[in-house]
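In what follows, a structure is listed as structure tokens, so that the remarks can point back to it.
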Amino acid sequence: MSILMQGKNMSKNINKKRILQNLNFTFYQQKTVAIIGANGSGKSTLLRILAGITLPSSGTIQRKHIRIGYVPEQFPPNIMFTGFNYLYHLGRIGGLSREVAKERVGQLFDQFNFTAQIEVIKYYSKGMRQKINIMQALLHQPALLILDEPLSGLDESVQLEVESMLYQLKQQGLTILFTCHDLPLVHRLADRTVTLQNGKLMESVITCDHVEESLVTIESTLPADVSILTQISAIYGIDHETIHKNKIQFTISSRQSDEIIALLIQSGASIYSVWSVQQKAFSMYEV
Ligand SMILES: Nc1ncnc2c1ncn2[C@@H]1O[C@H](COP(=O)(O)OP(=O)(O)OP(=O)(O)O)[C@@H](O)[C@H]1O
């Protein structure tokens, strides 16, 4: 699993107020990470730093040289271009030839099931504007897509459409970072969830009244490459338990079990047993 971005002791002050405080994080390629937290906890500020739009006040952030697409929470409301022309011109400004820009916008329209409109964006519905917002971020085929509250203010049918598009993009191997207040969505889409609280970043496991979660316990030998244990802890926010010298155990969400078993085997561990733990819930987290 290759590292995409790493932050060390990263802080951000705005108007002398500390918004983010000594954050340390590692994000991996082809993983979908949800950043959750209360209103005003600094999620958008963090996303803007990750997208390279603003700089941290102190600390470092290292990222691979990749294209990043950014979907802001607020899309400009008064754009007087049609969706097609808007994306076409953004493509041209970004260096695409006329033909390639036209073709790329056509591809995105197909992918998003979007029919070209005569009206300008200003008169689009919120759902249509949000589709244009996401398409502009995908125009230059980024390796990382960052979305700030992608479902906010959309009606349920558009939410479902956007969620299914994000799911397809994830399946195609795109790395996705997003903020969201909708915990069931976070649960369905994210491989990993981190919480911003009091300016600090913490790993978390999502549960809520709407989400049925089952747990699985995996017992294995100690892997030959023990560094995988630190990686699993960083990615999934769980630590192993040592049963005895050469036997370890993880209790994790069932939807993560395949990935963790694969990682353990690749790192030279043998799996002794896997069993499900019924009727047990993760600790509640309230946004
Ligand atoms: N340009 C700015 N000027 C002054 N304060 C700002 C600015 N941008 C952000 N802040 C402050 O920083 C804090 C974090 O804001 P941010 O928008 O990052 O939080 P958030 O977690 O995304 O909130 P929400 O969930 O409401 O979108 C807030 O207290 C906000 O008022």
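Every number for a ligand or one of its atoms is a count from 1 in the order of the listing.
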Identify, by atom number and element, the atoms of ligand 1 in contact range of [X], meaning under 4.0 Å from any of its heavy atoms.
| X | answer |
| --- | --- |
| Lys17 | 29 (O) |
| Ala38 | 21 (O) |
| His181 | 25 (O) |

For [atom], what is the closest protein heavy atom, and at what distance to 0.1 Å?
| atom | result |
| --- | --- |
| atom 17 (O) of ligand 1 | Ser44 CB, 3.7 Å |
| atom 19 (O) of ligand 1 | Gly42 N, 3.2 Å |
| atom 18 (O) of ligand 1 | Thr45 OG1, 2.5 Å |
| atom 26 (O) of ligand 1 | Asn39 ND2, 3.0 Å |
| atom 25 (O) of ligand 1 | Lys43 NZ, 2.7 Å |
| atom 27 (O) of ligand 1 | Glu73 OE1, 3.7 Å |
| atom 23 (O) of ligand 1 | Gly40 N, 2.8 Å |
| atom 1 (N) of ligand 1 | Ile14 CG2, 4.3 Å |

Residue of the set Ile218, Thr221, Leu229, Val226 for which side chain to side chain contact (heavy atoms under 4.5 Å, CB included) holds with Ile248: Leu229
Roughly how far apart are [X] [atom1] and [Y] [atom2], rounded to 0.5 Å?
| X | Y | atom1 | atom2 | answer |
| --- | --- | --- | --- | --- |
| His181 | Lys43 | NE2 | NZ | 4.0 Å |
| Gln29 | Met5 | CD | CE | 10.5 Å |
| Tyr124 | Phe75 | OH | CZ | 9.5 Å |

Any side-chain donor-acceptor pair under 3.5 Å between [X] and [Y]?
| X | Y | answer |
| --- | --- | --- |
| Lys170 | Thr175 | no |
| Thr251 | Thr217 | yes |
| Gln117 | Thr82 | no |

Name each donor-acceptor pair under 3.5 Å that joins a side chain in residues 64-72 to protein atoms two or more places apart or in another chain, with its distance.
{"residue": "Lys64", "atom": "NZ", "partner": "Ser2", "partner atom": "OG", "Å": "2.9"}
{"residue": "Arg67", "atom": "NE", "partner": "His140", "partner atom": "O", "Å": "3.3"}

Indicate yes or no: does Glu259 engage Lys31 in a salt bridge with an N to O separation below 4.0 Å. yes
Presence of salt bridge, Asp155 and Lys126, under 4.0 angstrom: no
Where on Asn15 is there a heavy atom closer than 4.0 Å to ligand 1, on the side chain, on the backbone, on both, or on neither? side chain
Checking contacts here: is it the side chain or the backbone of Glu149 that comes within 4.0 Å of ligand 1, counting heavy atoms only? Could be both or neither. neither
Checking the N or O distance criterion of under 3.5 Å, is ligand 1 in contact with Ile19? no
What do you think, any protein heavy atom under 4.0 angstrom from atom 13 (C) of ligand 1? yes
Under-4.0 Å protein heavy-atom contact, atom 31 (O) of ligand 1: no
